[in-house]
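Below is one structure, written out as structure tokens, with a few remarks after it.
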Amino acid sequence: MNEKDKSEVLLNYRLAYRSESNVNWCPALGTVLANDEVKDGVSERGGHPVIQKKMMQWSMRITAFADRLLEGLDQIDWSNALKETQRNWIGKSVGAALFFDIQDHPGQIEVFSTRPDTLFGATFLTLAPEHELVDAITTAERSEAVAAYKEKAASRSERDRMADTKTISGCFTGAYALHPITKAQVPIWIGDYVLASYGTGAVMAVPAHDSRDYAFAKHFDLPIVEVVEGGDITKESYDAKSGKMVNSGFLDGMDCMNAKGKMIEHLEEIGYGKGATQFKLRDAIFGRQRYWGEPIPVFYENGIPKTLPLEDLPLTLPAVDAYLPTEDGEPPLARAKNWTYNGCPLETTTMPGWAGSSWYFLRYMDAHNETEFAGESTVAYWNQVDLYVGGSEHATGHLLYSRFWTKALYDLGYITFDEPFKKLINQGMIQGISAFVHRINGTNTFVSAGLKDQYETHPLHADVSFLQGDELDVEAFKNWREEYKSAEFILEEGKYICSREVEKMSKSKFNVTNPDDIVIKYGADVLRMYEMFLGPIEQSKPWNTQGLSGVAGFQRKFWKLFHRDGTFAVSDASAGKNALKAAHTCIKKVGEDIENFSFNTSVSAFMIATNELTELKANNREVLEPLVRLIAPFAPHLAEELWEKLGGTGSVTHTTYPQHNESYLIESSKNYPVSFNGKVRFQLELPLDMDKDAIEKVVLEDPRTLEQIGEKQVRKMIVVPGRIINIVIG
RNA sequence: GCCUUGGUGGCGGAAUUGGUAGACGCGCUGGAUUCAAAAUCCAGUUCCUUCGGGAGUGCGGGUUCGAUUCCCGCCCAAGGUACCA
């Protein structure tokens, strides 16, 4: 084996390896585009056609960690929703790999199926149009049709193909496979509902028991054979995993769940299959055709990739004459002069954004360490991130990649934990109201929103700062980008109107609003508290500033508690019972809310206490001083100022957080709602220590009860002490 | 399409274990103060009503003495869908 072959073999096992993968290639721009930048088969910028193209890329073998990424979820304190998203993304399924011989062709087609029990019902095979065997097996008379179909499929993105379940398309290759057991001829089709990137890129179609295969078979009039009893296959496929096997030779009469194991055994005996586990998770592509990104420290000696020695790191980005791809479509680093190591060419792709985001939090532990990313004692001290607050949009990207990266570093012995974030809270996304202009396809003419249905158009983001209401400042838009300089506009009533949509606030959607104006007008404390007051932390909502004045008013009112006629005035006399109750109710509520990350309700609790204390004219140090300490995390500037005025030393953040005193909160009576057939009719004030029987007696004697009952009978009486009284009459 | 989350007044939202739906704030209406305005303060504000009540937490069912809360079926919106991070 020569050095090159050795290197190839090793790459099959390494964490980082090179392989061919599909990318969105835009020939006109000479560059690879993100899915985000492709809309309906054309580039968002410029509207140029985009095709799927294979490209040699560095990848990371995250699939080697699939099982550990699943198991690790059980040890971390994340929301079930997020864990579920990751589980589904990893998508573990247990089934079998099956091999089909091909008639008049030496190769075999491997398929993965979670239902090997239904093998006798496999009436055709469907391959992804990109499957490597397609060209080899296609017969001469079918080659033209197959080539045309492949071309059509290449113009659709994977997402389009998955989303579009209504249009059924496919093409017969003219070739046949042989059923592993019956040796019957099984026609081989290609269809774009089979994705090259999942499994083996080929499925054995069992139309009777899989809905997509069923639709395909109906559409192309292919045979449908029932092998599991329980449904009516003349109407729809029967996908449930229960029922007796029929038309299945040695499996007939078995329950399908038992048949699954039996079939795998049989396939292993005859050498046409084996038990297998499949993951939806794919390896992560690690190369980008961009300038900004960490350069990959790899050079090529005689075409063999080799890593740079440690002493020659770090490798820094070279100077280039333009941050653009080269004329012949090479990445920007190919523009650099002398981008070589000892005369060997260096890698020209750069690392993706997720490379850095996967472990920045580890470097933060020891940011000034020049010799390693974090020293041993530092890692031991800081350990995992205790609480990570991040949006759920990162669920299957950053939050999975960083778990993978952490596990890899743990295996290498650099860190002592293999999960990065112990507890995670998904804060909701602040959304923005995006603005769209509508470009007529294939032109540089933009049509106002009200008229867009009269043309074939394509929506494009416009920066919200160009809008007054929904009207676009056309000049500002034209000056935005070179390509819009010559744009023309079809107006309605002399105006260009944009359409609007709520989306996550993001630079790429040009719907960002800056909070600086609010800080200038109201101060940072008001902005901070208003953001908390907006709603539950995990909920997404469009940014709006309507309620700001309420928080500003509250902070003024809170300040006024400490002042009389503009001068500081706090009394040392002891506070009354009601004032103590108001303050301690607030202390209790805020304390609980902080534990639950329910900041919107703690702001509400502050408002209630402040309103009550204002009403009571309570300016006693006994109640105000603990409230200052309580509010410090919510309105730190305000709290520090008042703390100083109260004569406190140092920062208020260094004092202890207040604890409520239960004895100030005890209630002696409850205003019971009294309902009849579930409808509240009147209120009744009763002592809280009154027992069920006594309550029943008092209620039944109440004249208002007698009036409600009237001629009717009391059927049932429900008394929940401390909560409710319900009388069922009829 | 698939996965995840959510839907309660004009608006943001509250409601412990199934127990008074609408806390708190915005907005709105009326009033006080003011030459006037801002600011501030007071009162009201889910809808309908024949003023007895009735309806009501996206829609349609169900369980229960009682459902925003639990169950079944739908609708709508947001996020993700592997090169935005």
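- Rounded to an integer number of Å, the gap from CD of A:Q546 to P of B:rC26 is 12 Å.
- Note: CG (A:N611) to P (B:rC24) measures 8 Å, nearest angstrom.
- Residue A:N600 places no side-chain N or O under 4.0 Å from the OP1 or OP2 atom of B:rG12.
- Counting any heavy atom pair closer than 4.0 Å across all strands shown, A:S675 reaches no nucleic acid atom.
- Here A:I608 lies in heavy-atom contact (under 4.0 Å) with sugar-phosphate atoms only.
- Taking atom CZ of residue A:R723 and atom P of nucleotide B:rU16, one finds them 9 Å apart after rounding to whole Å.
- One side chain, A:T601 or A:D593, offers a donor N or O that lies under 3.5 Å from an acceptor on the other.
- Comparing B:rU4, B:rA14, B:rC24 against the side chain of A:P536 picks out B:rA14 as the nearest.
- Base orientation at B:rG52 is syn, since its O4'-C1' glycosidic dihedral falls within 90° of 0.
- The side chain of A:F533 lies closest to B:rC24 when the candidates are B:rU40, B:rG19, B:rC24.
- Counting to the nearest Å, the C1' atom of B:rU64 and the NZ atom of A:K679 are 15 Å from each other.
- Syn is the conformation of B:rG9, whose glycosidic angle sits no further than 90° from 0.
- Aromatic ring centres of A:Y323 and A:W292 lie closer together than 6.0 Å.
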Inset, instruction - Could you encode protein contacts along nucleotides 78-85 of chain B as a string, one character per nucleotide from 5' to 3', using B for base contact, S for sugar-phosphate-only contact and - for no contact, with a heavy-atom cut-off of under 4.0 Å? - result: SSSBBBBB

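- Side-chain N/O atoms of A:K541 include none lying less than 4.0 angstrom from OP1 or OP2 on B:rG12.
- Between A:R161 and A:E130 a salt bridge is recorded (basic side-chain N to carboxylate O distance below 4.0 Å).
- Look at CG on A:D593: it is 15 Å from P on B:rC24, rounded to the nearest Å.
- One atom, CD of A:E696, and another, C1' of B:rC65, lie 13 Å apart when rounded to the nearest Å.
- Put simply, CZ on A:R681 is 7 Å from P on B:rG53, counting in whole angstrom units.
- Between A:W480 and A:F510, the distance separating the two ring centers is shorter than 6.0 angstrom.
- Base pairing in RNA chain B yields stems of at least 3 consecutive Watson-Crick or G-U pairs, both distances under 3.5 Å, namely B:1-7 with B:75-81, B:10-12 with B:24-26, B:27-32 with B:40-45, B:46-48 with B:53-55, B:58-62 with B:70-74.
- Residue A:Q683 places none of its side-chain N or O atoms closer than 4.0 Å to OP1 or OP2 of B:rU20.
- Distance noted for atom C1' between B:rC48 and B:rG52: 14 Å (whole Å).
- Taking atom P on both B:rC26 and B:rG73, the two are 43 Å apart, rounded to the nearest angstrom.
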Acceptor/donor pairs from residues 541-552 of chain A side chains to any protein atom, 3.5 angstrom cut, sequence neighbours excluded:
from: A:N544; atom 1: OD1; to: A:Q546; atom 2: N; distance (Å): 2.9

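- A:F112 has its ring centre no less than 6.0 Å from the ring centre of A:Y198.
- When rounded to the nearest whole Å, the span between CD1 of A:I90 and P of B:rC3 equals 17 Å.
- Environment of CD in A:E707: sparse, with no more than 12 heavy atoms of neighbouring residues, nucleotides or ligands closer than 6.0 Å.
- Judged by distance alone, with hydrogens and angles left aside, A:N726 brings a side-chain donor or acceptor within reach of the base of B:rC65, the pair sitting under 3.5 Å.
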